[in-house]
2 protein chains.
Amino acid sequence: MVASLDALEAARLVERLARLVRMRALKGGLNPAQWEALRYLARANRFSRTPAAIAEYLASTRGTVSRTLASLEEKGYVARRADSEDGRSVNLALTRKAMDALKRDPLLTLAEDLEAGARGRMGDMAAGLKGALKAAIARNGTRAFDACFSCRHFRKDAHAGAAMPHHCGLLDAPLSDSDSRAICVEQEPMRA
Amino acid sequence: MVASLDALEAARLVERLARLVRMRALKGGLNPAQWEALRYLARANRFSRTPAAIAEYLASTRGTVSRTLASLEEKGYVARRADSEDGRSVNLALTRKAMDALKRDPLLTLAEDLEAGARGRMGDMAAGLKGALKAAIARNGTRAFDACFSCRHFRKDAHAGAAMPHHCGLLDAPLSDSDSRAICVEQEPMRA
DNA sequence: TCAATATGATTTCGAGTAGCAATCATGGTC
DNA sequence: GACCATGATTGCTACTCGAAATCATATTGA
């Protein structure tokens, strides 16, 4: 695969836009890694809100993430709680303060800028970027962290009518509608 | 301006793709800021290869950039030379080693992934991202760092036939063809 | 049963980076 | 020639990262 000039230009723009967001984000007292951890936690389902999952999502290490979380906890953005079933594991939750902060996420202004720049072709653009991520993931062999409902282990309406109507065949656990829309560390795409 | 769900998704993808590049880049012994400085220098014209211009391009500070450059010089990637006309100013040049490194720039793999993801709509995608950058620049009031030939001070073929056929009306200096394609710290778009 | 091992998380340590403010050097102005 | 502006660097402090060591809790298997 050889990249066109347009592709190279696009790659530079992706990098530069991301840098602008990162630099802006710093002024809020949170560093880029901290912001990304908050964003991840806001989107992850209950099986995926752990330090190890964050480390994998961020392509970082557990040690680094542990410190990031310690800092976020000290500042009042996340709560850590030992898992009731596995004493080694830690469950994370966002505080009210974190939810409020996310409403002013600098990433939202990037979204607005993209909306302005795409001029009605936002759908194509999002699809293209998504395809690029897919390619990157295939290349690196990392996890996709995609939506639960798009997973090969997802059993839609396995408990039809119940409050948690769906089911995860891998974790053998019932899933609510909102669970199914969240991203999951275990997500694997459908077989081709 | 309110951002659509597609726009939000796209913003997340931009951030995540950029993070993957940054993380991959670390393994080469250069940090993200150092990579971006090299990329900038490879594209900047002779008026723009200075510490101050890099600081502005990266939305960083001169102090930080000074250290970044010291590190790059120590590792043999850039050469610093005092400007012959202004003794305060420093001119930067990439070494052979830097040119070689840029041939293996992790950003190139992002370009390939984008090419794969865009499925033939790469032109639209690059245009959309460019529009987004324009919006971000307008919002922040930062410099555009766009191509010399797209500048309001550019005088095409002011010295027709000469080795440096074009001219910059702001700096009052002749420009070669390759100068005119490079990016410039002083670039200002045409008046509307 | 209980050692050996695997796993999740944290801590320690060292290298490096960031921003801010102070400083140095040079250039331009009145 | 005093004064201020500008480009760059440096001292300082705080913080971040990654690698490796450590701790605690499962899990496995003899």
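To find a chain, count down the sequence lines: A is the first, B the second, and so on, and within it residues start at 1. In this text, all values refer to a predicted model and were calculated from it rather than measured experimentally.
- Here B/R62 does not reach the OP1 or OP2 of C/dG19: none of its side-chain N or O atoms lies under 4.0 Å away.
- For the side chain to side chain contact (heavy atoms under 4.5 Å, CB included) test with A/L41, the passing option among A/L94, A/L102, A/T50 is A/L94; the others fail.
- In this structure, the CZ atom of B/R81 is 13 Å from the P atom of D/dA8, given to the nearest Å.
- Regarding contacts with the backbone of C/dT17, a side-chain N or O of B/N31 is found under 4.0 angstrom from either OP1 or OP2.
- A/G63 comes within 4.0 angstrom of a base, heavy atoms only.
- What separates NZ of B/K75 from P of C/dA15 is a distance of 14 Å, to the nearest Å.
- For A/R67, whose side chain is taken as the heavy atoms from C-beta onward, the closest listed nucleotide among C/dA9, C/dG27, C/dC13 is C/dC13.
- OP1 and OP2 of C/dG16 both lie 4.0 Å or more from every side-chain N or O belonging to B/S71.
- Dashed line: the shortest gap from a side-chain N or O of B/T68 to OP1 or OP2 of C/dA18 is under 4.0 Å.
- Taking atom CG of residue A/L69 and atom P of nucleotide D/dT16, one finds them 12 Å apart after rounding to whole Å.
- With the nearest nucleotide of DNA chain C identified for both A/M23 and A/A52, A/A52 has the one nearer the 5' end.
- A residue-by-residue look at B/A70 and A/D86 shows that B/A70 has its nearest nucleotide of DNA chain D further toward the 5' end.
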Applying side chain to side chain contact (heavy atoms under 4.5 Å, CB included) to B/Y40 and B/I183, what does each step give before you reach the verdict?
CA-CA 9 Å; B/Y40 173 83; B/I183 62 179; 4.0 Å; yes
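- Within the 4.0 angstrom heavy-atom criterion, base atoms lie near A/S66.
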Decide yes or no on salt bridge (Lys or Arg N to Asp or Glu O under 4.0 Å) for B/K130 and A/E9, but give the supporting numbers first.
CA-CA 9 Å; B/K130 183 134 189 167; A/E9 170 79 355; 3.7 Å; yes
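- When the side-chain nitrogen and oxygen atoms of B/T64 are compared with OP1 and OP2 of C/dG19, one or more of them lie within a distance under 4.0 Å.
- Checking the phosphate oxygens (OP1, OP2) of D/dA19, no side-chain nitrogen or oxygen of A/T61 falls inside 4.0 Å.
- Taking a 6.0 Å sphere around NZ of A/K75, one finds it holds more than 12 heavy atoms contributed by other residues, nucleotides or ligands.
- At D/dG18, one or more side-chain N or O atoms of A/S60 fall inside 4.0 Å of OP1 or OP2 (strictly under the cut-off).
- Here the nucleotide nearest the side chain of B/R88, chosen from C/dG19, C/dT10, C/dA25, is C/dA25.
- Within the 4.0 angstrom heavy-atom criterion, only backbone atoms of the sugar-phosphate kind lie near B/A33; the bases stay farther away.
- Taking only side-chain nitrogens and oxygens, B/Q34 comes nearer than 4.0 Å to OP1 or OP2 of C/dT17.
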